[in-house]
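Structure, as structure tokens:
Being a predicted model, the structure only gives us computed values, none of them experimental.
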Amino acid sequence: MARVANLWRHPIKSHGREALERVALTAGEAMPWDRHWAVTHGQSKFDHDDPQWVMCRNFMIGVVVPGLAGIWANLDEKTGRITLRHIALGEITFSPDDASDTARFLDWVAPLSADVSTKPTGLASVGRRGMTDSAYPSVSVMNLASHAAVSARLGGALEPERWRGNIWLDGLAPWEEMEWTGRELSIGGARLVVREPIRRCKHTMANPVTGKRDADTLEVLENTFGHQHFGMYCEVIAGGDIALQDEAKVL
């Protein structure tokens, strides 16, 4: 029997992760507060006057700035304030919707992009839609057994946080999830339809503590398992609550 092992959200795209005990999903939406904000750069095509979803390349992301992988986050939903922590930067608490606080955040995170041409310029949001990597509001589902298979091939413990998943399931066979495209999942009180596997990038190579690239996850995926996929993009088709240890079924 598969069960929910972990729940994660990433309030600012590529800028930190936060563990949850439960979450309420809504049909047609991303996980609440997941990728709610994203950090723009000088070449971003995001229009603040007409905020719409745009592709991930319009934002500061870990494939360009590996050090971003080392950020951890805590969001206070009542105040809208976020606390971020990084081993090289220390800690900052700010409000992403306050312009002066955004400036403080940009100064705080800037050292991570010191060696790349792309620099952070501001924060973008499309509200509850979420700035997901997919062109539709998605929730990502991960399999702990598949993670263990990759970790074993690398010869040591690999942090699951590298994959930036929302819902982690335990009790499955390795790579079982790759057969789910088009099928529905019942997880806790919610139902999701599995849309497609997630093709991975170099962000997964970076250590979630140090922000340094120290594991060739892409090489292992490609040369051992014959693909560069990990996890599945899903859409919520019936809202409901999901909590740790809730049962998950493939319908």
Side-chain angles (χ1 to χ4, degrees), residues 8-20 23 26 29-135 137-140 161 164-166 201-203 206-212:
W8 294 90
R9 68 182 175 194
H10 310 75
I12 303 177
K13 185 181 183 71
S14 292
H15 290 66
R17 63 198 73 83
E18 178 178 20
L20 305 173
V23 66
T26 300
E29 297 184 1
M31 178 181 281
W33 299 104
D34 188 61
R35 280 84 171 182
H36 188 87
W37 296 274
V39 181
T40 57
H41 53 66
Q43 289 74 49
S44 174
K45 294 182 179 179
F46 181 81
D47 186 349
H48 291 274
D49 295 324
D50 182 24
Q52 303 290 332
W53 178 90
V54 292
M55 296 180 67
C56 63
R57 64 171 175 253
N58 291 282
F59 304 108
M60 301 295 293
I61 52 177
V63 69
V64 177
V65 185
L68 296 177
I71 300 177
W72 296 75
N74 290 102
L75 169 67
D76 185 328
E77 295 182 19
K78 292 182 179 179
T79 66
R81 292 174 66 79
I82 293 179
T83 297
L84 301 180
R85 302 179 305 281
H86 189 283
I87 192 170
L89 304 178
E91 183 176 298
I92 185 174
T93 299
F94 68 103
S95 173
D97 293 324
D98 181 288
S100 60
D101 255 8
T102 295
R104 287 197 306 114
F105 159 69
L106 295 176
D107 287 342
W108 179 83
V109 78
L112 296 182
S113 58
D115 296 330
V116 299
S117 59
T118 306
K119 307 297 181 184
T121 59
L123 283 168
S125 176
V126 286
R128 294 168 69 95
R129 158 66 177 84
M131 203 67 76
T132 56
D133 281 351
S134 57
S138 59
V139 173
S140 58
E161 293 88 351
R164 307 183 312 284
N166 294 135
C201 66
K202 289 183 177 180
H203 194 146
N207 188 297
V209 175
T210 66
K212 305 293 185 181

Could you tell me the separation between the [atom1] atom of [X] and the [atom2] atom of [Y], rounded to the nearest 0.5 Å?
X    : Y    : atom1 : atom2 : result
W72  : I87  : CH2   : CD1   : 11.5 Å
D101 : L106 : CG    : CG    : 10.5 Å
R35  : S14  : CZ    : OG    : 7.5 Å
L75  : W37  : CG    : CH2   : 5.5 Å
L123 : H15  : CG    : NE2   : 8.0 Å
H203 : I61  : NE2   : CD1   : 9.0 Å

Just by distance, no angles: are the side chains of [X] and [Y] close enough, under 3.5 Å, to form a donor-acceptor pair?
X    : Y    : result
S138 : S134 : yes
D97  : S95  : no
H10  : R17  : no

So does [Y] get a backbone contact from the side chain of [X], meaning a donor-acceptor N/O pair under 3.5 Å?
X    : Y    : value
H86  : G16  : no
S125 : H36  : yes
W53  : T132 : yes
S113 : A110 : yes
T83  : T93  : no

Hey, does [Y] have a side-chain heavy atom less than 4.5 Å from the side chain of [X]?
X    : Y    : answer
P111 : L89  : yes
I82  : F105 : no
R129 : P137 : yes
R9   : V23  : no
F94  : L84  : yes
R128 : T26  : yes
T118 : V65  : no
E18  : P11  : yes

Is it the case that atom CG in D47 sees more than 12 heavy atoms from other parts of the structure closer than 6.0 Å?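 Counting other residues, nucleotides and ligands, CG of D47 exceeds 12 neighbours.
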Could you tell me whether K202 atom NZ has more than 12 heavy atoms of other residues or ligands within 6.0 Å of it?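 Open.
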Identify the heavy atoms of [X] and [Y] that sit nearest to each other, and give their distance.
X    : Y   : answer
Q43  : N58 : O-OD1, 4.2 Å
M60  : H41 : SD-CB, 3.7 Å
P120 : V39 : CB-CG1, 3.6 Å
T40  : H48 : CG2-NE2, 4.2 Å
G165 : W8  : O-CB, 3.2 Å

Option among L20, V139, N166 that satisfies the side chain to side chain contact (heavy atoms under 4.5 Å, CB included) test with D34: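 So, applying the side chain to side chain contact (heavy atoms under 4.5 Å, CB included) to D34 and each of L20, V139, N166, only N166 qualifies.
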Side chain to side chain contact (heavy atoms under 4.5 Å, CB included) assessment of C56 paired with K13: CA-CA 9 Å; C56 63; K13 185 181 183 71; 3.7 Å; yes
Going through the distances and angles, do I71 and V109 end up as a side chain to side chain contact (heavy atoms under 4.5 Å, CB included)? CA-CA 10 Å; I71 300 177; V109 78; 4.3 Å; yes
